[in-house]
Amino acid sequence: MKNITIKRFLAYLIDLIIIGMVSFSFSYVPNINPNQEEYKQAYEDIVSLYENYDNNKLTIDEYEQKYIALSYDLNRNNVIYTVVNLVIILLYFVLVPLFLNGQTLGKRLLKIKVVSNYQDRSVGFVSYFVRAVVQNNLIITILQIIILFTFSKDNFYFVYSKVNMVGYILLYLIVFLILIRKDSRGLHDLISGTKVVSISDEIQLSSVNEEEKKEKTISNKTKKIKEEPKNNKTKNTTKKEAKKKSTQTKK
């Protein structure tokens with residue numbers, strides 16, 4: 001596994017821990033998450049349900065039927081927390097790298113950064129936004145929230161689980177591309193036109209580009225110097241011809 005790939009995964013893990021801590025602290029604010037007690041109750045009911053099934057007190061059909069109903073209650077009571085978490089993720093993965101020159105806190109610790117995949121271009125707000133949405137499956141999260149408020153308790157689970165499956169497929173695709181590509185670019189990098197590089201590699205690349213620019217400048221100056229005598233010779237010849245024509249006209 002490439003060094004940059006390992007650093008990417010570690011940096012993302014650090015970022016998720018930071019986001020999780022912030023989101024968790026918000027979840028205990030009653031005004032932000034008024035359904036906290038109901039969520040806890042639904043969670044405890046699911047744990048109890050699984051224990052009963054594990055102890056052969058329920059059949060598989062009874063377990064699935066009760067689980068779907070409890071899963072609906074669990075996710076409905078967790079919607080506010082999910083929305084808060086979604087906003088925190090967007091703010092973190094868009095604004096932090098925007099103000100820290102392509103770095104989140106995790107990337108800063110691992111000395112890597114997000115840059116544009118195109119030379120002489122910087123990564124802007126839109127690119128960071130698109131990158132964050134794809135990387136963190138935020139469209140899937142929004143779809144799941146819509147499903148919870150669109151479908152009934154009896155019908156929601158089939159659609160909800162299928163959307164959730166698509167989310168996992170996208171996540172695996174991101175990881176797969178990062179692992180197999182030489183430039184370690186994931187799906188979110190390809191869509192947003194970005195890539196992740198090591199700070200040391202960027203410095204080396206910058207030095208190479210500077211050297212190339214200097215060489216190009218020297219080459220252009222040398223070419224100019226070589227062309228000047230030719231231009232002067234052409235100018236003198238043109239002047240002589242013009243003078244000759246003028247003399248002939250006078251005659």
Side-chain angles (χ1 to χ4, degrees), residues 9 12-94 106 129-179 186-188 191:
F9 286 127
Y12 188 62
L13 180 61
I14 292 167
D15 291 332
L16 288 182
I17 291 170
I18 293 168
I19 290 168
M21 289 168 65
V22 175
S23 297
F24 187 72
S25 62
F26 272 109
S27 70
Y28 279 92
V29 179
N31 292 335
I32 293 177
N33 191 14
N35 300 326
Q36 184 188 348
E37 292 303 319
E38 289 85 348
Y39 172 79
K40 283 182 179 178
Q41 184 59 54
Y43 179 79
E44 288 171 5
D45 290 343
I46 285 178
V47 171
S48 177
L49 180 70
Y50 180 76
E51 287 174 352
N52 288 334
Y53 172 71
D54 198 42
N55 293 326
N56 297 319
K57 293 180 180 179
L58 293 170
T59 64
I60 184 69
D61 292 334
E62 289 173 331
Y63 171 77
E64 286 181 353
Q65 190 176 358
K66 289 181 179 181
Y67 176 81
I68 290 171
L70 288 173
S71 177
Y72 180 83
D73 293 335
L74 184 78
N75 288 292
R76 274 293 292 257
N77 290 318
N78 199 41
V79 164
I80 294 173
Y81 173 77
T82 303
V83 171
V84 170
N85 191 53
L86 188 149
V87 172
I88 291 169
I89 287 171
L90 271 178
L91 290 174
Y92 184 84
F93 282 106
V94 176
F129 182 85
V130 171
R131 196 174 188 279
V133 168
V134 178
Q135 181 183 23
N136 298 284
N137 267 344
L138 298 188
I139 292 175
I140 300 296
T141 303
I142 292 167
L143 284 174
Q144 288 175 330
I145 293 170
I146 293 169
I147 289 165
L148 284 168
F149 288 93
T150 307
F151 291 83
S152 66
K153 185 182 285 191
D154 297 325
N155 300 320
F156 99 100
Y157 190 75
F158 176 79
V159 182
Y160 190 90
S161 60
K162 298 306 175 190
V163 171
N164 200 39
M165 190 183 295
V166 173
Y168 280 115
I169 291 169
L170 289 173
L171 181 62
Y172 293 144
L173 181 59
I174 289 170
V175 174
F176 178 71
L177 288 172
I178 290 172
L179 290 172
L187 181 65
H188 54 307
I191 293 173

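Values reported hereafter were calculated over all heavy atoms of this structure, with side chains retained and with hydrogens, waters and symmetry mates removed.
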Taking the inter-plane angle between the rings of Y12 and F93 on a 0 to 90° scale, is it parallel (under 30°), tilted (30 to 60°) or perpendicular (over 60°)?
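Tilted.
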Quick one: pull up [atom1] in [X] and [atom2] in [Y] and give me the separation to the nearest 0.5 Å.
| X | Y | atom1 | atom2 | result |
| --- | --- | --- | --- | --- |
| I89 | N136 | CD1 | CG | 5.0 Å |
| I147 | F158 | CD1 | CZ | 11.0 Å |
| T141 | N137 | OG1 | CG | 6.5 Å |
| H188 | L170 | NE2 | CG | 12.0 Å |
| E37 | N77 | CD | CG | 10.5 Å |
| E51 | K57 | CD | NZ | 9.0 Å |

Do N155 and Y160 pass the side chain to side chain donor-acceptor pair (under 3.5 Å) test, and can you show the C-alpha distance, the side-chain angles, and the key distance before you say yes or no?
CA-CA 9 Å; N155 300 320; Y160 190 90; over 6 Å; no
Closest approach of I60 and Y53, non-hydrogen atoms and distance?
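Minimum heavy-atom separation between I60 and Y53: CD1-OH, 3.5 Å.
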Distance-minimising heavy-atom pair for I88 and V22:
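Answer, listing the atom of I88 first, then V22: CD1-CG1, 3.8 Å.
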Got more than 12 heavy atoms from elsewhere within 6.0 Å of [atom1], [X]?
| X | atom1 | answer |
| --- | --- | --- |
| E62 | CD | yes |
| L173 | CG | yes |
| F129 | CZ | no |

For D45 and Q41, which I'm curious about, is there any donor-acceptor pair between the side chains at under 3.5 Å?
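Per modelled atom types, D45 and Q41 side chains form a pair under 3.5 Å.
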No-hydrogen, no-angle side-chain donor-acceptor test under 3.5 Å, Q144 and N75
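N75 and Q144 do not have a side-chain donor-acceptor pair below 3.5 Å.
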Listed by chain and number, what are the side-chain contact (heavy atoms from CB on, under 4.5 Å) partners of Y50, not counting sequence neighbours?
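Scan of Y50 (side-chain contact (heavy atoms from CB on, under 4.5 Å), adjacent residues dropped) gives D54, Y63.
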For A132, does its backbone N or O pair with a side-chain atom of Q135 as donor and acceptor, under 3.5 Å?
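No; judged by distance alone, with no hydrogens or angles, the pair does not exist.
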Does R76 qualify as a cation-pi partner of Y39, given the criterion of NZ or CZ under 6.0 Å from the six-membered ring centre and within 45 degrees of its axis?
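No - R76 does not lie over the ring of Y39 by the 6.0 Å and 45° rule.
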Y72 and ring pair (Phe, Tyr, Trp, His ring centres under 6.0 Å): which single residue from Y67, F156, Y157, F149 fits?
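Testing Y72 for a ring pair (Phe, Tyr, Trp, His ring centres under 6.0 Å) against Y67, F156, Y157, F149 leaves exactly one candidate, F156.
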Are [X] and [Y] close enough that some pair of their side-chain heavy atoms sits under 4.5 Å apart?
| X | Y | result |
| --- | --- | --- |
| I46 | K66 | no |
| N78 | N35 | no |
| I178 | F9 | yes |

Whether K153 and D73 form a salt bridge (side-chain N of Lys/Arg under 4.0 Å from carboxylate O of Asp/Glu) is what I want to check.
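Looking at D73 and K153, the cut-off is met.
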